[in-house]
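These notes concern the structure reproduced below.
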Amino acid sequence: MLKIPNKIETYKEDKESGVIIEDIGQLVYEPVKGEKINIVSWIKYPSYDFLFGFPDKTNPKSEKEVAFFQFRDTRAKKIKAGFYLDECELDEMIDGFNKIKKYRK
């Protein structure tokens with residue numbers, strides 16, 4: 001099992017740009033001690049990365065929350081956004097992004 005480090009790293013553009021790592025059940029992230037997240041997708045670019053996952057059964061938030069997202073600025077080495085979503089919030093987020101995708105054309 002690969003643990004994603006909490007220390008934010010800058011990725012090289014030539015080798016890491018646009019890398020999507022999807023290894024369900026093998027990637028783990030713990031943004032806060034005791035809040036283990038099973039990562040389903042880790043997208044890495046030179047300036048930022050995205051983490052998509054869901055709370056592990058051992059995570060105290062797993063009872064109410066079904067999803068986790070984090071946007072990390074790898075140049076400034078800061079978390080720009082990170083949050084849990086319950087089932088309703090997840091559906092609303094997906095719907096909102098699908099609308100953006102539909103109407104931007």
Side-chain angles (χ1 to χ4, degrees):
M1 187 169 305
L2 172 66
K3 186 171 182 180
I4 296 171
N6 286 2
K7 182 180 177 195
I8 301 169
E9 300 174 18
T10 301
Y11 308 111
K12 295 177 184 172
E13 189 157 356
D14 58 340
K15 289 188 178 183
E16 301 290 336
S17 188
V19 171
I20 299 172
I21 299 173
E22 293 178 339
D23 198 0
I24 298 168
Q26 297 302 311
L27 289 173
V28 174
Y29 180 60
E30 195 170 359
V32 177
K33 188 171 173 77
E35 293 185 15
K36 185 174 161 186
I37 305 293
N38 296 307
I39 298 298
V40 297
S41 184
W42 182 16
I43 303 168
K44 303 191 302 182
Y45 288 96
S47 300
Y48 58 91
D49 66 1
F50 296 133
L51 298 169
F52 296 91
F54 59 92
D56 187 75
K57 289 180 234 172
T58 63
N59 185 323
K61 298 190 184 238
S62 68
E63 209 171 293
K64 293 183 179 180
E65 310 295 354
V66 299
F68 175 85
F69 169 77
Q70 194 169 85
F71 163 52
R72 307 186 307 175
D73 180 331
T74 59
R75 292 205 174 144
K77 308 229 187 290
K78 293 184 178 183
I79 295 169
K80 293 288 187 165
F83 45 86
Y84 286 93
L85 299 158
D86 64 24
E87 193 75 42
C88 182
E89 293 164 337
L90 179 59
D91 290 342
E92 290 168 347
M93 195 73 99
I94 291 167
D95 184 53
F97 277 110
N98 281 334
K99 285 179 180 173
I100 290 170
K101 196 172 179 179
K102 178 181 174 182
Y103 292 114
R104 72 171 174 82
K105 293 179 183 182

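Along the sequence shown, the residues carry numbers beginning at 1. No experiment lies behind these values; they were computed from the predicted model shown.
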Under 3.5 Å, side-chain donor or acceptor atoms of residues 90-105 against the rest of the protein: list the pairs with distances, not counting sequence neighbours.
| unit_1 | atom_1 | unit_2 | atom_2 | d |
| --- | --- | --- | --- | --- |
| D95 | OD2 | K99 | NZ | 3.3 |
| N98 | ND2 | I94 | O | 3.3 |

Listed pairs under 3.5 Å, donor-acceptor, residues 76-83 side chains, sequence neighbours left out:
| unit_1 | atom_1 | unit_2 | atom_2 | d |
| --- | --- | --- | --- | --- |
| K77 | NZ | T10 | OG1 | 2.9 |
| K77 | NZ | T74 | O | 3.4 |

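Every residue two or more places apart in sequence or in another chain was checked for a salt bridge (Lys or Arg N to Asp or Glu O under 4.0 Å) with K61, and none qualifies. The salt bridge (Lys or Arg N to Asp or Glu O under 4.0 Å) test applied to D86 returns no partner, not counting sequence neighbours.
Atoms CD1 and OH, from I8 and Y48 in turn, are 15.0 Å apart once rounded to the nearest 0.5 Å. The CG atom of N38 sits 9.5 Å away from the CG atom of L27 when rounded to the nearest 0.5 Å. Separating the CD atom in E30 from the CG atom in N59 is a distance of 8.5 Å, to the nearest 0.5 Å.
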| task | For the pair I37 and L51, evaluate side chain to side chain contact (heavy atoms under 4.5 Å, CB included) and give the outcome as yes or no after the intermediate values. | result | CA-CA 10 Å; I37 305 293; L51 298 169; over 6 Å; no
| task | Would you sort out whether Y29 and F68 count as a side chain to side chain contact (heavy atoms under 4.5 Å, CB included), showing the intermediate values? | result | CA-CA 10 Å; Y29 180 60; F68 175 85; 4.1 Å; yes
| field | Verdict with reasoning, F54 to V66, per side chain to side chain contact (heavy atoms under 4.5 Å, CB included) | value | CA-CA 6 Å; F54 59 92; V66 299; over 6 Å; no
| said: Would E89 and E65 count as a side chain to side chain contact (heavy atoms under 4.5 Å, CB included) here? Give the steps. | reply: CA-CA 9 Å; E89 293 164 337; E65 310 295 354; 4.1 Å; yes
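E63 has its side chain out of reach of P55: every pair of non-hydrogen atoms, C-beta onward, lies at least 4.5 Å apart. Side-chain contact between I43 and F52: present, with at least one pair of heavy atoms (C-beta onward) separated by less than 4.5 Å.
Pairs of residues two or more places apart, or lying in two chains, that qualify as salt bridge (charged side-chain N to carboxylate O under 4.0 Å, His left out) and include a residue from residues 45-58 are D49-R72. Applying the salt bridge (charged side-chain N to carboxylate O under 4.0 Å, His left out) definition to pairs two or more places apart or across chains, none involves residues 33-43.
Exactly one residue among Y45, W42, F71 makes a ring pair (Phe, Tyr, Trp, His ring centres under 6.0 Å) with F50. That residue is F71.
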